[in-house]
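These notes are about the structure you will find just below.
Computation of the quantities below employed the complete heavy-atom set of this structure, encompassing side-chain atoms and omitting hydrogens, waters and symmetry-equivalent molecules. Residue numbers begin at 1 in each chain, while the letters A, B, ... track the order of the sequences.
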Protein chains: 2
Amino acid sequence: MQAVGLTEYEAKCFVALSQIPSGTATDVSEIVDIPRTRIYDIAESLQDCGLVEIQKGTPREFRAVSTDVAMKRLQLSHREHLDNAAKALRQLTTPDVRDEASGVWRIEGKQKVAERGQYIAARAETELFGLFTEDAVFQDDCFRQAQSAIDRGVDVVLSSPDEDLRESLRARFPDATIWDPSLDWQTLEEFGAQVSRLVMADRHTVMLASLSKDDGDCAETAIWGEGSDSELVVLCRELVGAQLDELDAEDGSSRFSL
Amino acid sequence: MQAVGLTEYEAKCFVALSQIPSGTATDVSEIVDIPRTRIYDIAESLQDCGLVEIQKGTPREFRAVSTDVAMKRLQLSHREHLDNAAKALRQLTTPDVRDEASGVWRIEGKQKVAERGQYIAARAETELFGLFTEDAVFQDDCFRQAQSAIDRGVDVVLSSPDEDLRESLRARFPDATIWDPSLDWQTLEEFGAQVSRLVMADRHTVMLASLSKDDGDCAETAIWGEGSDSELVVLCRELVGAQLDELDAEDGSSRFSL
DNA sequence: TTATTATTGTTATTAAAATAAAAACAACAA
DNA sequence: TTGTTGTTTTTATTTTAATAACAATAATAA
C-alpha cells in the first residue's frame, strides 16, 4: 500500500477499516498497531483522498470505501499529478530534442529493451535488420513492427542462429529475407555476454541486447546508438552491413527463383 | 513532479535533463541546485525507474527519456502497485461487506457526491426520488441514471423549487412525475446550509447534499445513510414519503388524463 | 616527460524534514 | 469517580537533503 503514496500509518489504517464494516478509533487501533490518538488525523487525511468516510458522532465512526473505488480514486489522483507534471515539463522543454543522441546508451530491463527495439524498427525507412537468438525474445510486438516495416516497403532482413526460429521466421514473414548467420556468428560473440538481439535500422540506429543470468534471474540489458557519432553504429555497419550487401546481391537472384 | 512519487532531488534532476539533449553531472548541477556529487546516485535511481539513460564514460553522460515515455512509465509502475495492493487487500477482506452502513456518513467534494448519488439511483428497485435546487447540479450522469431507472420500471419522482428546472425535467423525462415542492420546501431548509440535492431510493437509502460558498469557493458536501438505522433515512421518510404517497394517489388520476 | 591543477566518482558525515511513537490533558460519557 | 474520546505537544526514528572528504583520472603547464 505504501508504494501508492500512502504513509505506513495511512496504509495500515485503510487496511484495518477495509476488514470491518465500520469502526471507532479504538477498534482500528486494536486491529493494527497504531496509537489510537493518531487515528483521528490519519482518517481525516484518508478522507481527503476519498478513501475513508467519517461519521462525526462520539465516538467517531470511520468506514473505508470499497477496494475498487479506493483504487480508482488513487489512480485518478495520480493521473492528474502526471498530467500536471507533463504540462509543466512541456513548458520548460523544447519539442522533443532527443531525436539524435550521440554515443552509446544503456538500457536495463526486458520491457524497456523491447520498447526501444520497436521504436527503432518503427523508424526504419529503407532497411531493417533484426537478429534474435531465442524464440522467447521475439514477441508479439516484434512481429507487429517487422510486419509493419515490410508493409511499408522496408527491406527487412531477419536472422537467427537457431534453425527452428529461422524456419518460423521464414514461415511468418515470407516477404522478408532470412539470413543464416553461421558464417559470421563468431564475430558477434566477441561482445562478451550472451547476445539476445540486434536491431539495426537504415544502418543509422542500432541496438544490441544481451541476456545475463546472474542470480538465477534472467535480465536483459541493451546498448544502443544513433548516427556516425556512435561507435556501436559504426561497428555494426562494418559487421552486418557487409552481409546485408551480399544478401542484396543474392536477394535479386532468390526473388528470381520465387 | 514530487507528487508522482519522486524525491525533490530526483524530480529536479529529471527536469534539468529534460531541458538538454544530454549532460554531465557538472552540467546538471549548474542547471538546478543539486550538489554535483549527488547526481550520480540520483541518476542511477532515475535509471531504475526508466526515466534516465546513462552513458558510462568519463565523464558520465546522462539523458532523460521523452516526457511522454516518462509519464507512461510512471503510470505503468503506479498501476502495478495499485493492482498488487488491490490483490493483497482482497485476500484480507471478505467480499464487499459495506453494502449496509448504519448511521449517517459524510462526503466532501462535488465528484464524490455525484458518484454517491448515482450509486444510490442505480440501486433503486421500485421508487426513486430526486430533488435538485440548481440546474448546475443536475448533470449528464444524473440524466442517465434517472432515465435508466425509468427504463427498468422504477417509479421516478423528480422535483425542484426552480420552475424552469422543473419544466426542463418535465420535458426530458415525460415518464417521470415532476413535483413542485413549494408547499413543503420550508421544512427542508431546516437543515441549515443551502440544500443542493436530495436523493432517496426505495425509501431505504438517502443522500442529502448541500453547497457551501465559503472562501468564494463552491464546495458540495453530502450526508447519506441506509436502512432504518439511519436517522437521515427515517427523517426523509417522514418528510418526503408523505408527499410521495400523495403523488401516488394523484398519479393515478394524471395518468388517466394523459 | 613529469609535476601540477582540475575534474570526476564514490562514500561518509551532518543537517533538515517527514513520519512514527509516546505523552499530556481537557472534555465528555457512563 | 472512572473510563473513553479527541486534540495537541513532545520525543524518537527514518528518510531525504546538504556538505565534506578524498582517491582516481584527465587535462594542462613546465
Please identify which of these residues, B:Leu51, B:Thr67, B:Val32, meets the side-chain contact (heavy atoms from CB on, under 4.5 Å) condition with B:Phe14.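 Among B:Leu51, B:Thr67, B:Val32, the one that satisfies the side-chain contact (heavy atoms from CB on, under 4.5 Å) with B:Phe14 is B:Leu51.
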With respect to the side chain of A:Thr37, which nucleotide from C:dA20, D:dG6, C:dT8 is positioned closest?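 Within the option list, the nearest is D:dG6.
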C:dT8, C:dA20, D:dG6: which one has an atom nearest the side-chain heavy atoms of A:Tyr9?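 For A:Tyr9, the side-chain atoms sit closest to C:dA20.
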Give a yes or no on whether a donor-acceptor pair under 3.5 Å exists between the nucleobase atoms of C:dG9, that is its base, and the side chain of B:Arg36.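 Per atom types, the contact qualifies.
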Nearest whole Å is fine: how far is D:dT19 P from B:Ile39 CD1?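 The distance from CD1 of B:Ile39 to P of D:dT19 comes to 13 Å, rounded to the nearest Å.
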Between C:dT11 atom P and B:Asp41 atom CG, what is the distance in whole Å?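 The answer, rounded to whole Å, is 9 Å.
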Is it true that B:Glu53 and A:Arg116 have a side-chain N and a carboxylate O under 4.0 angstrom from each other?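 A salt bridge is present here (some side-chain N lies under 4.0 Å from a carboxylate O).
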Name the nucleic acid region contacted by A:Pro59, choosing base, sugar-phosphate or nothing; use a 4.0 angstrom heavy-atom cut-off, strictly under.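 Sugar-phosphate: the residue A:Pro59, judged by heavy atoms under 4.0 Å, touches backbone atoms but no base.
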Once you apply a heavy-atom cut-off of 4.0 Å, does A:Arg60 come out as touching a base, just sugar-phosphate, or nothing?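 Touches sugar-phosphate only.
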Tell me if a side-chain donor or acceptor on B:Asp27 pairs with a main-chain N or O of B:Thr24 at a distance below 3.5 Å.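 Looks like yes, one N/O pair under 3.5 Å.
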Given that B:Phe62 and A:Arg38 both sit by DNA chain C, which one's nearest nucleotide is further toward the 5' end?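 Final value for this comparison: B:Phe62.
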Determine the interplanar angle of the A:Phe62 and A:Tyr40 rings, folded into 0 to 90°, and report it as parallel if under 30°, tilted if 30 to 60°, perpendicular if over 60°.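 It falls in the perpendicular class, over 60°.
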